[in-house]
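I have placed the structure first, in the form of structure tokens, so that the comments after it can refer back to it.
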There are 2 protein chains.
Amino acid sequence: MQRYFVPAINFSDNTVTIEGDDVHHITRVMRMESGDEIICNHPSGKAAICKILTVSDQEVVVSINNWLEQSAELPIHVTVAQGLPKGDKLELILQKGTELGATGFIPFQASRSVVKWDNKKVAKKIERFKKIVKEASEQSHRTILPHVESIETIQSLVANSAFYDHKFVAYEETTRELPTKKLSYYFDQITTGEKVLICIGPEGGFSESEITKLHTAGFESIRLGPRILRTETAALYALASLSYHFEERE
Amino acid sequence: MQRYFVPAINFSDNTVTIEGDDVHHITRVMRMESGDEIICNHPSGKAAICKILTVSDQEVVVSINNWLEQSAELPIHVTVAQGLPKGDKLELILQKGTELGATGFIPFQASRSVVKWDNKKVAKKIERFKKIVKEASEQSHRTILPHVESIETIQSLVANSAFYDHKFVAYEETTRELPTKKLSYYFDQITTGEKVLICIGPEGGFSESEITKLHTAGFESIRLGPRILRTETAALYALASLSYHFEERE
């Protein structure tokens, strides 16, 4: 059943009012009418099966039939801090990272990022990124919508990292240097409900100065398997292996 | 150091002769000259540090300095059978799957594949796929070049599946149906050196008839985490979680 993320203010006790792009999606793309059923996600993470009552060009009003118990959310909160990569790789990371259960994304301007973002265009890009994340969340049956922060600097990233329980940096040198601790050593230290921040560099990796700043702030270097991964693959490896560790072990 | 896959016939006792596209890459893209060092991968999986002796438009001749001991190969052999997806998603799966350690890829025409491949164009496409896999192997420091099969039918896929020790199918219904066995239950049955085949459907999933054929042939249904993944994300989840299970646990 199709899912839609709806702001809390649009929920009443028995009905939900859907506005904006989702109206077009419900009426034109899915061609649904009154009597059809959808799932509405509340920002709290709860989700309800709803039946369409009325349809107009401006809004779709649905009745709440019953609240669902199930959750497809990772039992830990994982935020990916991604050094700005080239081309449309960030969009791939946002889409796939959302499918794989990320709680949020912090794109940051790394010193080796080839792309330099124009401050004037950031707001528009972030809007687009939020749309990608919303669509991926609906497709993968997420009940929580991952957040996308505005582009940060390494300084603000480090300053904000104090709010996380575990801070990791995927450092390519760690893959090459042997012997080193394996990934499960770090994952075993994380417990349900904790906040994890994983920092990944752009194509050229981190500068010495960035690595020093991150280590000083308490980030631990981790390896993501023994092969050298492209920057856009690193976040996906980290999320898939965290999912396996926390959700797919007997 | 840059890596190149070189056919066995081009290796002599002390030198390696590099031909074809790699000559362009070494001389024009990397702008290397005699005295510079590269790594040459032998098809057996061995790799050697080599020094460039001579450079011409047709070939680069290098001397073998020393053979490397390290390996970045998964301790099990994983082949991904992928139902033909839309657009350029197969290229994404080949590139990322190679980085994540796959041994081979079998694209197959599934009954719900929107794309229908023209037999005349298959040879050309396979050539392109092999190039993507070769480049990704070099970038991720693989020592074995994953194979890419010609497009198969579900019948030939099932017939060839007898050569594998473990056969899995990523079946979306398994994610939704609870309770079900977790992924580690299946991974725990795999031992080092064994051959694993993972079959993934196209966007629309498998037909009832295909699932029946696969189950009859001994394929076991697995889930890849509790979220619904797009077809191109499924192979990456499977490979990353196998890497975590076999390479990153203490």
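Every chain is numbered from 1, with letters handed out A, B, ... down the list of sequences.
A distance of 10.0 Å separates CZ in B:R223 from CD1 in B:I228, rounded to the nearest 0.5 Å.
Remark: A:E99 does not engage A:R142 in a salt bridge, criterion side-chain N to carboxylate O under 4.0 Å.
Both the backbone and the side chain of A:A136 come within contact range of chain B, judged by heavy atoms closer than 4.5 Å. Looking at A:L242, neither its backbone nor its side chain comes within 4.5 Å of chain B, counting heavy atoms on both sides. For a residue to count as touching a neighbouring chain, one of its non-hydrogen atoms must lie under 4.5 Å from one of that chain's; by this rule A:R230 touches chain B with backbone and side chain alike. Only the side chain of A:F187 comes within less than 4.5 Å of a heavy atom in chain B; its backbone stays farther off. For A:E232, the part sitting under 4.5 Å from any heavy atom of chain B is the side chain, from C-beta outward, and nothing else.
Counted by atom type alone, A:H25 and A:Y4 present one or more donor-acceptor pairs between their side chains at under 3.5 Å.
Between chain A and the options B:L100, B:D188, B:L92, heavy-atom pairs under 4.5 Å are most frequent for B:L100.
Cation-pi geometry between B:K181 and B:Y185 is met: the NZ or CZ atom falls under 6.0 Å from the ring centre, inside 45° of the normal.
B:V78 and B:L74 make their closest contact through CG2-CD1, 4.0 Å (heavy atoms, listed as atom of the first residue, atom of the second, distance).
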